[in-house]
Amino acid sequence: MDNVPIPSHTRSAQSMPVVAMVGGGQLARMTHQAAIALGQTLRVLAVDPADPAAQVSPDVVVGSHTDLDALRQVAKGATVLTFDHEHVPTEHLAKLVADGVTVAPPPEALVHAQDKLVMRTKLAALGAPVPRFAEVTSADVAQQFAVDAGGAAVIKTIRGGYDGRGVVLLDSPEQAREVAADYLADGVPIMIEERVAMRRELSALVARSAFGQGAAWPVVQTVQRDGICVEVLAPAPELAEDTAATAQQLGLRLAAELGVVGVLAVELFETVDGAILVNELAMRPHNSGHWTMDGSVTSQFEQHLRAVLDYPLGATAARVPLVVMANVLGAPQTPQMSVDERVHHLFARMPDAKVHLYGKGERPGRKLGHVNLLARPGDTPDAVRERAHRAAHWLSHAQWTDGYDEHSGTNISGANISGTNISGTNMETGTDGD
Ligand code: ADP
């Protein structure tokens with residue numbers, strides 16, 4: 001059977017590269033979406049066939065990212081292996097590299113997104129601005145650090161945290177002592193850092209290809225609630241031009257110095273004095289880059305594929321002066337109205353809302369999807385934010401934030417706030433400019 005010719009209709013498909021991604025979450029799902037446009041199919045290692053990416057890719061290996069056999073299986077024959085999260089044990093990655101697998105980002109780079117202490121230490125050595133930090137080897141160390149930092153500090157688990165899990169904001173040295181003692185008693189490695197007085201959080205998203213080409217998107221503002229990103233403003237409003245340029249250059253420099261291949265998100269704090277400090281690194285598509293799907297010439301998902309496949313990178317310019325991304329986070333109580341019906345009503349009211357749903361079951365606070373809203377001519381930033389928030393809230397809660405009634409087209413005060421404009425386009429008007 002060795003010499004059976006490949007039928008001509010399958011030949012071109014076979015010549016396309018195969019990117020394998022570890023993790024079957026929404027990032028893999030949206031990377032698959034970008035892969036389709038490039039004539040490819042993303043291969044996915046998913047824990048469960050119901051995972052967001054496993055639902056949509058026909059090339060799925062079901063298994064755990066901590067199981068070396070499963071990792072070997074998904075990597076077999078793939079052009080490159082990449083990630084939708086950073087939780088693969090470093091020693092497994094070393095074995096894959098020894099097997100001859102191309103891993104992007106390579107394990108020596110990825111460790112800086114896996115281990116916060118390694119990351120902080122390396123960034124400090126590279127001269128990148130970071131909050132003052134220390135490894136916590138005893139409750140005494142934590143208490144003393146907090147005293148030296150003026151009382152307020154933050155304890156973080158060194159590995160395994162995400163969406164604010166494993167991050168404890170502390171108000172006093174006594175609290176630092178207690179929290180540290182609890183973690184250490186459980187054998188969890190932790191670090192402590194100064195609690196930064198910040199104006200806001202920013203993200204510098206860049207990509208670096210295997211060849212070493214770099215590209216940076218406009219710097220964005222991220223808004224977090226309870227440690228979870230709820231909103232992204234692209235670009236960050238009223239960010240000083242030199243600060244934005246510094247942040248972009250920092251992102252590109254770190255990508256190069258750490259040897260990142262793929263997308264790198266550099267999460268930043270803008271301090272009350274206007275300085276920037278690096279908080280976190282993520283070496284994969286990132287929530288702060290979801291706006292690029294509709295708002296940039298090249299989406300972060302396409303760019304990640306280009307980077308790991310060593311294609312030339314795409315243009316990163318924004319399409320409009322402001323894009324707002326709002327996450328759809330599961331409501332405290334799942335609404336009776338089906339998601340399908342919610343989408344229907346949203347589209348009826350807001351034809352320009354770009355909806356991205358991840359195919360996940362609804363649970364309180366869970367990231368179920370996101371909505372991108374592009375500024376229309378004359379829009380104020382607040383108007384775009386309000387529309388994005390309204391759309392995302394509607395999708396998760398089945399409630400309009402302004403009391404609109406989707407059946408009568410009126411709000412609670414009875415005023416008609418929806419209708420058909422002269423050009424025949426069904427447009428939301430409402431109270432956006434308020
Ligand atoms: P995760 O790995 O879970 O994303 P982060 O280190 O990004 O954790 O922290 C989550 C959130 O906690 C940040 O977005 C920020 O709001 C807050 N935070 C983290 N570190 C500090 C700090 N040193 N000072 C003040 N707030 C912090």
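Please read all numbers here as calculations on a predicted model, not as lab measurements. Scope of the values below: all heavy atoms of this structure, side chains included, with no hydrogens, waters or symmetry mates. Both ligands and their constituent atoms are indexed starting at 1 by order of listing.
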(request) Tell me, please, whether W400 has R349 positioned over its six-membered ring: NZ or CZ under 6.0 Å from the ring centre and within 45 degrees of its axis? (result) yes

(request) Report the residue from R120, K116, R132 that forms a salt bridge (charged side-chain N to carboxylate O under 4.0 Å, His left out) with E193. (result) R120

(message) Please check whether L169 reaches ligand 1 - meaning an N/O of the residue sits under 3.5 Å from an N/O of the ligand, judged on distance alone.
(response) no

Per-atom contacts of ligand 1 with [X], taking only distances under 4.0 Å to non-hydrogen atoms:
X    : value
E194 : 22 (C), 23 (N), 24 (N)
E201 : 13 (C), 14 (O), 15 (C), 16 (O)
M198 : 25 (C), 26 (N)
E193 : 20 (N), 21 (C), 22 (C), 23 (N)

(request) Classify the contact between V154 and ligand 1 as side chain, backbone, both or neither, using a heavy-atom distance cut-off of under 4.0 Å. (result) side chain

(request) Measure centre to centre between the rings of F301 and H290, then say whether the value is under 6.0 Å. (result) yes

(message) Tell me if the centroids of the rings in H65 and F83 come within less than 6.0 Å of each other.
(response) no

(request) Give, for atom CE of M119 and atom CD1 of I158, the distance between the pair rounded to the nearest 0.5 Å. (result) 11.0 Å

(message) As a check for students: among E267, E280, K156, identify the option with a heavy atom nearest to atom 4 (O) of ligand 1.
(response) E280

(message) Checking the side chain of R342 only, and the main-chain atoms of A398 only, is there a donor and an acceptor separated by less than 3.5 Å?
(response) no

